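Here the structure is laid out as structure tokens; the discussion comes afterwards.
Chain A is the first sequence line, chain B the second, and so forth, proteins listed ahead of strands; every chain is numbered from 1. Only a predicted model underlies this, so the values are computations on that prediction, with no experimental measurement involved.
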2 protein chains.
Amino acid sequence: MSKIKETSTNFANKQALADHCSEVYASIILGGQWSIAICSWLANGKLRYCELKKSLPNITERMLSLQLRKLEDHKIISRSVFAGVPPRVEYELTAIGYELVPIIKMLESWGEKHKKCMD
Amino acid sequence: MSKIKETSTNFANKQALADHCSEVYASIILGGQWSIAICSWLANGKLRYCELKKSLPNITERMLSLQLRKLEDHKIISRSVFAGVPPRVEYELTAIGYELVPIIKMLESWGEKHKKCMD
DNA sequence: TAGGATACTATAAAAAATGTTAGTATGTCT
DNA sequence: AGACATACTAACATTTTTTATAGTATCCTA
């Protein structure tokens, strides 16, 4: 499933860093172009696949799927399928996922402030 | 200086996301394999280039330079050169850099907790 | 005089992440 | 009958990030 090469130096470095520093571990989980944006949208409640897609206008379906799957594997979001036609799939933050929300909010206000520094 | 292609879709997507969400903007700045680890080490005070190198055993000098330069460009760390032989260069978090420290601490405790969830 | 310490840079290659395009199944609506 | 909506996956291409290796300059010490 994962395409990463477990013999690479990069893999070893990530592992070593993540083992030593939980903050790096966290940042690896949250890394990826769209993960934080997805979590931000889900912070207000569950959303369907197509709703997420609309919220992130330029995301491709492939990236959306990949990121959702990754977040799901890390138990940050949960996935519920409702049978029927057309099918319906809802994504929602898990308990540990909701605990990210204050961190994301802090990142947001830090980002705002930082933008002003850079002017 | 930067090698990124400003005509790529990836570049456009990053821009758009960063414009809309300051939390994504922040995560882009802090992204990169070693940035958070470097900030973590600097949280306790200034360090020299070679001290950082020792703290991050597997980093290559190239990566260390690149990440330091990136953090410096984003005004998260400052660089002070002390002439002499051998030369001496010290890196330190800036004011806005220090404001990351509580966020990093939160990420750290979230990471700890998350690790337990995954067992 | 050879080697070490410091703080880097250059070039190339490998690996990882992201984007493009096309396709699946199923039942409703027109 | 044909288009549409949903929630995806597969194969491939491109871009970005990271690693590998080697080299720079200066002065001090052995």
For [N], does either OP1 or OP2 sit under 4.0 Å from a side-chain N or O belonging to [X]?
{"X": "B/Ser8", "N": "C/dG19", "answer": "no"}
{"X": "A/Asn13", "N": "D/dT18", "answer": "no"}
{"X": "A/Asn10", "N": "C/dA15", "answer": "no"}
{"X": "A/Tyr91", "N": "D/dC8", "answer": "yes"}
{"X": "A/Lys14", "N": "D/dT17", "answer": "no"}
{"X": "B/Thr9", "N": "C/dT18", "answer": "no"}
{"X": "B/Arg69", "N": "C/dA7", "answer": "no"}

What nucleic acid atoms does [X] come within less than 4.0 Å of, heavy atoms only: base, sugar-phosphate, or nothing?
{"X": "A/Thr60", "value": "base"}
{"X": "B/Gln67", "value": "sugar-phosphate"}
{"X": "B/Gly32", "value": "sugar-phosphate"}

Quick one: does any side-chain atom of B/Trp110 pair with a main-chain N or O of A/Ile96 as donor and acceptor, under 3.5 Å?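 Such a contact is found between B/Trp110 side chain and A/Ile96 backbone.
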When you measure from the side chain of A/His114 to the backbone N and O of B/His74, does any donor-acceptor pair fall under 3.5 Å?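 Such a contact is found between A/His114 side chain and B/His74 backbone.
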Closest approach of B/Pro57 to B/Ser55 (non-hydrogen atoms, all atoms of both residues):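 Closest pair (atom of B/Pro57, atom of B/Ser55, distance): CD-O, 3.2 Å.
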Between B/Gly31 and B/Val85, which has a closest nucleotide on DNA chain D that is more 5'?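 It is B/Gly31, whose closest nucleotide lies nearer the 5' terminus.
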Figure out the [atom1]/[atom2] separation between [X] and [N], and round it to whole Å.
{"X": "A/Ile28", "N": "D/dT18", "atom1": "CD1", "atom2": "P", "value": "10 Å"}
{"X": "A/Trp34", "N": "C/dA17", "atom1": "CH2", "atom2": "P", "value": "16 Å"}
{"X": "A/Met63", "N": "D/dT14", "atom1": "CE", "atom2": "P", "value": "18 Å"}
{"X": "B/Lys5", "N": "C/dA17", "atom1": "NZ", "atom2": "C1'", "value": "16 Å"}
{"X": "A/Arg88", "N": "D/dC8", "atom1": "CZ", "atom2": "C1'", "value": "17 Å"}
{"X": "B/Leu68", "N": "C/dA7", "atom1": "CG", "atom2": "P", "value": "11 Å"}
{"X": "A/Phe82", "N": "D/dC8", "atom1": "CZ", "atom2": "C1'", "value": "17 Å"}
{"X": "B/Glu61", "N": "D/dA20", "atom1": "CD", "atom2": "C1'", "value": "12 Å"}

Rounded to the nearest 0.5 Å, what's the gap from CG on A/Leu68 to CH2 on A/Trp34? Could you check?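 The CH2 atom of A/Trp34 is 12.0 Å from CG of A/Leu68, to the nearest 0.5 Å.
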For B/Pro86 and A/Leu66, take the nucleotide of DNA chain C holding the closest heavy atom to each; which residue's nucleotide lies nearer the 5' end?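 Going by which nucleotide is closer to the 5' end, it is B/Pro86.
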Ignoring hydrogens and geometry beyond distance, is a side-chain donor-acceptor pair present between B/Ser35 and B/Gln67 at under 3.5 Å?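 Present: a donor and an acceptor within the cut-off.
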Could you check whether atom NZ of B/Lys115 has more than 12 heavy atoms from other residues, nucleotides or ligands sitting under 6.0 Å from it?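 Correct, the count exceeds 12.
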Where the side chain of B/Phe11 is defined as all heavy atoms beyond and including C-beta, which of D/dA7, C/dC8, D/dT16 is the nearest nucleotide?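 Per side-chain heavy atoms of B/Phe11, the pick is D/dT16.
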By nearest atom, which of the nucleotides C/dT9, D/dT18, C/dA17 is closest to the B/Ser65 side chain?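 Nearest to the side chain of B/Ser65 among the choices is C/dT9.
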Can you find a donor-acceptor N/O pair under 3.5 angstrom joining the side chain of B/Arg62 to the base of C/dT9?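 Looking at the base of C/dT9, it does not pair with any donor or acceptor on the side chain of B/Arg62 (distance under 3.5 Å).
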